[in-house]
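Proteins get letters first, then strands, A, B, ... in listed order; numbering begins at 1 in each.
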There are 2 protein chains.
Amino acid sequence: MPTIRDVAKLANVGIATVSRVLNNNPSVSDETRKAVLAAIEALDYTPNPIARQLSTGRTLTVGVILPYLTMPSYVERLRGVQHALAETEYNMILFSVGSPSERDSYFKDLPRNNLVDGILIISLPPNDNQAERFARAEIPTVLIDAYHSQLCCILTDDVKGGKLATQHLISLGHRKISFLSDFLETPFRPSARYRYQGYRKALEENGIPFNPAYHISGERGRENAKKMANHLLNLDDPPSAIFAGNDIQAIGVLDAARESGVKVPDDLSVVGFDGIRDAEYTNLTTIDQHLYQSGVDGVNILIDALDIRPETPLEKRLSLNLIARGTTQTFSQKT
Amino acid sequence: MPTIRDVAKLANVGIATVSRVLNNNPSVSDETRKAVLAAIEALDYTPNPIARQLSTGRTLTVGVILPYLTMPSYVERLRGVQHALAETEYNMILFSVGSPSERDSYFKDLPRNNLVDGILIISLPPNDNQAERFARAEIPTVLIDAYHSQLCCILTDDVKGGKLATQHLISLGHRKISFLSDFLETPFRPSARYRYQGYRKALEENGIPFNPAYHISGERGRENAKKMANHLLNLDDPPSAIFAGNDIQAIGVLDAARESGVKVPDDLSVVGFDGIRDAEYTNLTTIDQHLYQSGVDGVNILIDALDIRPETPLEKRLSLNLIARGTTQTFSQKT
DNA sequence: TACTTTTCTGGAACCGGTTCCAGAATTCAA
DNA sequence: TTGAATTCTGGAACCGGTTCCAGAAAAGTA
């Protein structure tokens with residue numbers, strides 16, 4: 001592999017001059033520039049980015065920390081990140097997290113070793129110590145779908161979304177409304193908890209008493225959601241509508257309904273949350289939280305912060321839309 | 001940020017000794033090691049990976065080139081890559097490609113600039129020139145879901161898969177079998193073409209004449225597949241079964257059937273290809289091509305190649321399984 | 001005790017770029 | 001013709017690690 005010194009020797013110039021040509025520095029005469037370019041061509045030379053990184057202190061790389069790509073919502077956010085980053089000169093290193101300890105180790109190391117110029121964190125809220133570390137580090141950090149007062153973040157108002165979904169069911173005439181979700185306490189971001197709060201608020205505002213039997217939570221995943229839905233459907237007084245904490249779980253509810261012959265939306269209305277593609281495929285009514293856009297926004301804020309550190313953390317809230325599809329219907333009293 | 005020289009000064013040793021401690025070199029006495037570790041602790045020192053990369057010549061990074069994450073199959077393969085890579089000391093830089101020119105520019109630059117130690121290419125076949133470049137470069141390269149005689153690859157036998165799917169329909173009694181897919185010629189890997197070949201072979205081996213009216217191809221995507229399926233269903237003599245080039249298209253076929261009141265599988269059997277999660281959700285019969293495993297295998301071959309360059313390119317073929325679900329049924333002659 | 005061997009250590013060179021700074025060559029003004 | 005300003009250029013230092021190599025200290029052997 002030829003180095004800058006080989007080029008300099010061949011072109012009969014100093015290495016500083018070659019470097020100037022590489023960086024389009026105007027203070028090089030046309031003649032020498034041509035000679036250098038010819039030498040570069042002749043040797044098929046490419047500058048070594050690592051050496052450049054060491055001397056400039058910039059890596060032109062952004063680190064993205066996110067959970068394993070097990071949930072479509074992570075993928076959709078990542079897609080937005082990737083797309084926005086492609087317009088910049090930055091590359092992206094992916095750190096995917098399968099466990100809290102893995103997360104903590106990335107949170108600890110990444111802001112210190114100068115591997116990346118900026119950090120994006122998706123759906124993984126740092127604790128106070130960790131946030132402090134990120135804030136103190138000279139590496140800008142942006143949270144997507146996670147909140148900390150000390151850091152820039154792109155946020156979704158899950159409480160509002162939960163309210164929106166529940167309100168939709170109420171306005172269709174439902175009063176026996178279940179909330180089915182992940183565990184409300186998790187090591188990762190407990191969005192289910194906020195959505196649950198929205199659910200409770202909507203009930204309250206409409207004077208509908210909360211029935212504890214209609215609230216169920218458990219392990220994530222479609223299979224488990226199906227089991228939980230079966231439990232709900234087998235109650236003596238089953239709900240007429242189920243609001244699931246996310247789209248995958250809503251799809252699990254649809255599975256349960258299909259298997260036990262409960263007709264959707266005739267006998268049961270179902271609402272999900274997220275707005276992933278699967279929701280579209282399954283014709284599911286859901287809350288669209290603009291996952292893709294959250295990735296794009298995160299990148300844009302990060303890129304700005306790389307130029308000029310904001311003296312106070314920025315916060316951006318994404319809007320939410322109810323998408324009414326085929327799994328919800330006006331409640332009709334039957335037999 | 002403290003450097004190795006700060007640590008050396010504080011610990012009253014040479015920088016070489018600090019480096020030895022960092023790299024667990026055994027030829028350091030316990031006493032000095034302790035002193036160095038204390039200094040590292042006191043200064044909260046972390047070695048700069050970029051500097052290390054420059055002097056060792058290893059970046060401990062693998063580059064992954066793949067199409068934009070628009071298709072679930074890419075995500076699933078990436079998931080396998082990510083998982084396998086997590087077990088190693090390598091990080092992953094993602095290069096996603098949205099156009100042939102973007103692909104070509106990555107293909108050109110990545111093997112030359114020493115940004116990564118190894119390269120994984122997913123679903124993007126290089127041409128002869130490009131493959132030559134990769135093969136000549138000292139950076140090992142592995143293709144996943146793409147073939148070139150000069151490079152290691154992880155392959156799926158699409159012809160065989162196409163045959164398998166068609167055979168399944170034939171053995172259920174179908175004889176009017178459509179093949180619906182992407183364009184057979186694309187700038188990316190034309191897997192549809194090979195699957196089509198398998199389809200033709202299966203017909204031929206079973207003495208079923210090929211009906212050109214039953215072969216349709218067009219733009220990728222679910223919406224388009226729906227349109228194509230509508231065309232097929234409106235033929236004077238419509239097919240009793242449709243084999244779609246991939247699962248997303250098969251789901252588009254299901255959409256079309258639902259909308260026009262064609263009952264699946266009673267009136268129409270549908271088979272997809274890929275084995276993505278959506279196929280499971282939609283209860284689709286499909287060919288599972290072990291997407292996740294292809295990523296894992298690619299990483300393993302690459303990691304081995306980083307240690308010892310294989311003198312001749314390795315090839316690994318993944319198996320294929322028919323997963324019979326609810327969208328295929330024995331053909332029953334009606335009215 | 002003298003000599004060899006082993007263990008441990010530090011200086012210096014190196015990886016391949018960028019950039020500061022001083023100086024040569026040219027142009028311009030008086 | 002001389003001095004000042006301007007334009008180019010190259011040497012050397014620097015980024016922060018790793019590693020070669022030589023030498024000091026300790027241990028082992030005769």
Side-chain angles (χ1 to χ4, degrees), chain A residues 1-40 43-61 89 91 109 112-117 138-139, chain B residues 1-40 43-61 89 91 109 112-117 138-139:
Chain A
M1 274 278 153
T3 74
I4 198 170
R5 287 158 229 269
D6 298 324
V7 175
K9 200 174 292 170
L10 183 64
N12 252 313
V13 298
I15 54 168
T17 301
V18 178
S19 178
R20 284 188 200 99
V21 171
L22 291 173
N23 294 288
N24 289 315
N25 186 318
S27 69
V28 178
S29 73
D30 276 3
E31 204 177 351
T32 38
R33 164 166 280 119
K34 236 174 264 171
V36 169
L37 289 175
I40 287 174
L43 293 172
D44 192 22
Y45 164 80
T46 333
N48 180 324
I50 303 295
R52 180 174 281 174
Q53 286 171 26
L54 182 59
S55 60
T56 58
R58 300 180 67 202
T59 62
L60 293 184
T61 299
E89 52 182 348
N91 285 322
D109 294 342
R112 312 209 48 257
N113 67 28
N114 306 61
L115 194 56
V116 297
D117 292 339
E138 73 285 33
I139 302 178
Chain B
M1 274 278 154
T3 74
I4 198 170
R5 286 158 231 267
D6 299 324
V7 175
K9 201 175 291 172
L10 183 64
N12 252 313
V13 298
I15 54 167
T17 302
V18 177
S19 177
R20 283 187 200 102
V21 172
L22 290 172
N23 294 289
N24 290 316
N25 186 318
S27 69
V28 178
S29 72
D30 276 3
E31 206 177 349
T32 39
R33 164 166 280 120
K34 236 174 263 170
V36 170
L37 289 174
I40 287 175
L43 293 172
D44 193 21
Y45 164 80
T46 334
N48 181 323
I50 304 295
R52 181 174 280 174
Q53 286 171 27
L54 182 58
S55 60
T56 59
R58 300 179 68 201
T59 62
L60 293 184
T61 299
E89 52 182 348
N91 285 322
D109 295 342
R112 311 210 48 255
N113 68 27
N114 306 62
L115 195 56
V116 297
D117 292 339
E138 74 285 32
I139 301 178

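Scanning for salt bridge (charged side-chain N to carboxylate O under 4.0 Å, His left out) contacts around Glu138(A) gives an empty result, with sequence neighbours left out. With sequence neighbours excluded, no residue satisfies side-chain hydrogen bond (donor to acceptor under 3.5 Å, both in side chains) with Asp109(B). Applying the side-chain contact (heavy atoms from CB on, under 4.5 Å) test to Ala11(B) and every residue at least two apart in sequence or in another chain returns Val13(B), Val36(B), Ala39(B). Thr61(A) meets the side-chain hydrogen bond (donor to acceptor under 3.5 Å, both in side chains) test with no other residue; sequence neighbours excluded. Residues satisfying the salt bridge (charged side-chain N to carboxylate O under 4.0 Å, His left out) test with Glu89(B), not counting sequence neighbours, are Arg58(B). Not counting sequence neighbours, the partners of Ile15(A) by the side-chain contact (heavy atoms from CB on, under 4.5 Å) test are Ile4(A), Arg5(A), Ala8(A). The side-chain hydrogen bond (donor to acceptor under 3.5 Å, both in side chains) test applied to Asn48(A) returns no partner, not counting sequence neighbours.
Inter-residue side-chain proximity for Leu60(A) and Asn91(A) is flagged as unmet; no heavy-atom pair is nearer than 4.5 Å.
Under the salt bridge (Lys or Arg N to Asp or Glu O under 4.0 Å) criterion, the residue pairs touching residues 44-56 of chain B are Arg112(A)-Asp44(B), with sequence neighbours excluded.
When heavy atoms are screened at a 4.0 angstrom cut-off, Asn12(A) is found touching the sugar-phosphate backbone but no base atom.
Within a heavy-atom distance below 4.0 Å of DNA chain C, the residues of residues 50-58 of chain A found are Ala51(A), Arg52(A), Leu54(A), Ser55(A), Thr56(A). Of the residues in residues 27-38 of chain A, Ser27(A), Val28(A), Ser29(A), Thr32(A) come within less than 4.0 Å of DNA chain D through at least one heavy atom, sorted by number.
One axis for each end of the helix from dT1(C)-dA30(D) to dA30(C)-dT1(D), each built from five base pairs, and the angle between them comes to 50° at 10° resolution.
For the side-chain contact (heavy atoms from CB on, under 4.5 Å) with Pro2(B), the lone residue among Ile40(B), Leu10(B), Leu43(B) that qualifies is Leu43(B).
Chain B approaches DNA chain C within less than 4.0 angstrom (heavy atoms of the protein), and the contacting nucleotides run 5' to 3' from dC8(C) to dG16(C).
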